[in-house]
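We name chains A, B, ... by the order of the sequence lines, and we start the count at 1 in each one.
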Number of protein chains: 2
Amino acid sequence: MVVCDDDSSDLALNRQLCFALYAASRAMTRAYQPMLKALGITYPQYLVLMVLWEWASAEAQQEEEPSVSALGQRLMLDSGTLTPLLKRMEQNGLVLRRRSKRDERITLVEVTYEGLTLKPKAREWVSSQLESSSINRNDVERLHRDLWQFLHKLTDI
Amino acid sequence: MVVCDDDSSDLALNRQLCFALYAASRAMTRAYQPMLKALGITYPQYLVLMVLWEWASAEAQQEEEPSVSALGQRLMLDSGTLTPLLKRMEQNGLVLRRRSKRDERITLVEVTYEGLTLKPKAREWVSSQLESSSINRNDVERLHRDLWQFLHKLTDI
DNA sequence: GCAAAATAAATTGCACACAATTAAATTGTG
DNA sequence: CACAATTTAATTGTGTGCAATTTATTTTGC
């Protein structure tokens with residue numbers, strides 16, 4: 001059996017992309033650590049907060065119900081991840097969880113005032129990072145666009 | 001205090017990139033699941049195997065010592081992640097772990113014959129996926145290049 | 001030579017991810 | 001209305017990631 005062959009192949013090409021995504025995603029998380037530590041939250045908790053900040057904004061008031069599953073659709077996460085994460089956020093005073101009166105199966109999530117106060121702090125840190133880094137905004141936008149295009153093709157298969 | 005402001009800002013822009021990376025990385029992992037399940041390994045175990053497959057190839061024989069820390073540098077992972085992962089792979093007969101005779105602090109890792117036999121299977125699956133998908137190889141290469149460029153700027157800060 | 005510093009893994013503890021299952025509530029259908 | 005099918009979270013179990021600490025070994029400085 002051939003178990004040792006050359007690496008100038010699909011395998012190596014693809015390895016590089018799948019690993020680049022894996023490495024870049026973790027590097028991004030690492031880059032956020034100073035801010036996250038200062039705010040006392042984790043990276044996925046920050047993503048949850050960003051969705052909740054959007055939902056709490058005036059424009060979005062009459063939008064979708066802020067349920068666990070709506071949050072899950074937005075972040076592509078399931079209740080197995082979100083339920084314990086939201087419980088920790090509730091413990092830390094960042095969100096409130098309550099059952100919908102209309103349908104007791106649904107758990108509604110809302111950001112607290114304390115959770116809202118983290119938004120300007122996060123914004124300030126992010127904008128100062130962008131300023132002090134050598135990262136070009138156009139590059140970021142192109143990468144973002146290409147990533148989503150790739151992600152859509154990936155999930156279409 | 002201003003806790004509710006517009007989202008046409010650095011925060012929103014950056015959220016999209018950091019979330020795109022997070023989502024794309026997990027989507028890639030999901031896309032690999034059918035193959036990984038068939039091979040009986042996890043995604044990070046697959047990444048480890050790819051490094052070990054490279055190291056086992058003839059060209060690389062006199063390269064760096066296949067230690068846990070060398071593996072960690074390649075994958076940007078530490079022993080806290082790798083040690084238990086490699087133990088599981090050893091349990092499953094995919095790798096061997098032994099202490100270096102030259103330096104007893106160092107744990108050397110080598111792929112077994114069983115571990116090598118997974119390589120052609122992985123290659124076959126990956127190439128068939130690329131063929132059957134609508135993903136353009138040039139797009140993949142560009143995304144890969146842009147990702148590494150971004151990753152380097154990120155880790156430079 | 002030998003104690004202190006440095007190095008390499010391993011360990012510990014916590015927080016995700018996610019597959020699979022379970023439990024509770026609601027909806028659809030006869 | 002009854003009751004099966006569906007929907008929504010929560011739960012369970014396994015495997016990462018990673019910070020922080022510990023253990024074992026080697027190197028360095030004197």
Which one, [options], comes nearest to the side chain of [X]?
X: Arg30(B); options: dC18(D), dC18(C), dA8(C); result: dC18(C)
X: Thr107(B); options: dA9(C), dT11(D), dG17(D); result: dA9(C)
X: Arg105(A); options: dT11(D), dA6(C), dT8(D); result: dT8(D)
X: Glu104(A); options: dC18(D), dA10(D), dT26(C); result: dT26(C)
X: Val68(A); options: dT16(D), dA9(D), dA9(C); result: dA9(D)
X: Pro44(A); options: dA10(C), dC18(D), dC16(C); result: dC16(C)
X: Thr83(B); options: dC18(D), dT11(C), dT11(D); result: dT11(C)

Hey, which sits more toward the 5' end of DNA chain C by its nearest nucleotide, Tyr22(B) or Pro84(B)?
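Result of the comparison: Pro84(B).
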Position toward the 5' end of DNA chain C (nearest nucleotide), Gln45(A) or Lys101(A):
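The answer here is Gln45(A).
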Within the pair [X] and [N], is there a side-chain N or O less than 4.0 Å away from OP1 or OP2?
X: Thr42(A); N: dC16(C); result: yes
X: Lys87(A); N: dC16(C); result: no
X: Arg88(B); N: dT16(D); result: yes
X: Arg97(A); N: dA10(D); result: yes
X: Arg26(B); N: dA17(C); result: no
X: Ser79(B); N: dA9(C); result: no
X: Lys37(A); N: dA20(D); result: yes

Side-chain donor or acceptor of [X] paired with backbone N/O of [Y] under 3.5 Å:
X: Arg97(B); Y: Leu108(B); answer: no
X: Thr107(A); Y: Val68(A); answer: no
X: Thr112(A); Y: Leu94(A); answer: yes

[X] [atom1] to [N] [atom2], straight-line distance once rounded to whole Å:
X: Asn92(A); N: dC14(C); atom1: CG; atom2: P; answer: 14 Å
X: Leu75(A); N: dA9(D); atom1: CG; atom2: C1'; answer: 16 Å
X: Leu36(A); N: dC16(C); atom1: CG; atom2: C1'; answer: 14 Å
X: Asp78(B); N: dT22(D); atom1: CG; atom2: C1'; answer: 14 Å
X: Gln33(B); N: dA17(C); atom1: CD; atom2: P; answer: 15 Å
X: Tyr43(A); N: dT16(D); atom1: OH; atom2: C1'; answer: 17 Å
X: Tyr32(A); N: dG17(D); atom1: OH; atom2: P; answer: 20 Å
X: Leu108(B); N: dT25(D); atom1: CG; atom2: P; answer: 15 Å

Starting at CE of Met89(B), measure out to CG of Leu49(B) and round the result to the nearest 0.5 Å.
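Reported value, rounded in 0.5 Å steps: 3.5 Å.
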Distance from Leu21(A) atom CG to Thr29(B) atom OG1, nearest 0.5 Å?
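Reported to 0.5 Å precision, the distance equals 8.5 Å.
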What class does the angle between the rings of His144(B) and Trp148(B) fall in, given that below 30° is parallel, 30 to 60° is tilted and above 60° is perpendicular?
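Rings of His144(B) and Trp148(B): perpendicular, over 60°.
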Would you call the rings of Tyr32(A) and Tyr43(A) parallel, tilted or perpendicular, taking 30° and 60° as the class edges?
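Rings of Tyr32(A) and Tyr43(A): perpendicular, as their planes differ by over 60°.
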Which part of the nucleic acid, if any, lies within reach of Ser69(B) when heavy atoms closer than 4.0 Å are counted: base, sugar-phosphate only, or nothing?
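Ser69(B): backbone/sugar contact only, no base atoms under 4.0 Å.
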Any base atoms under 4.0 Å from Ser67(B), or only sugar-phosphate, or nothing? Heavy atoms, all strands.
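The answer is sugar-phosphate, as Ser67(B) gets under 4.0 Å only of primed atoms, P, OP1 or OP2.
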Which base, if any, makes a Watson-Crick or G-U wobble pair with dA3(C), both distances under 3.5 Å?
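Pairing partner, where one exists within any strand: dT28(D).
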Which sits closer to the 5' end of DNA chain D, Leu82(A) or Leu85(B), going by the nucleotide each is nearest to?
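Here Leu82(A) is the residue nearer the 5' end.
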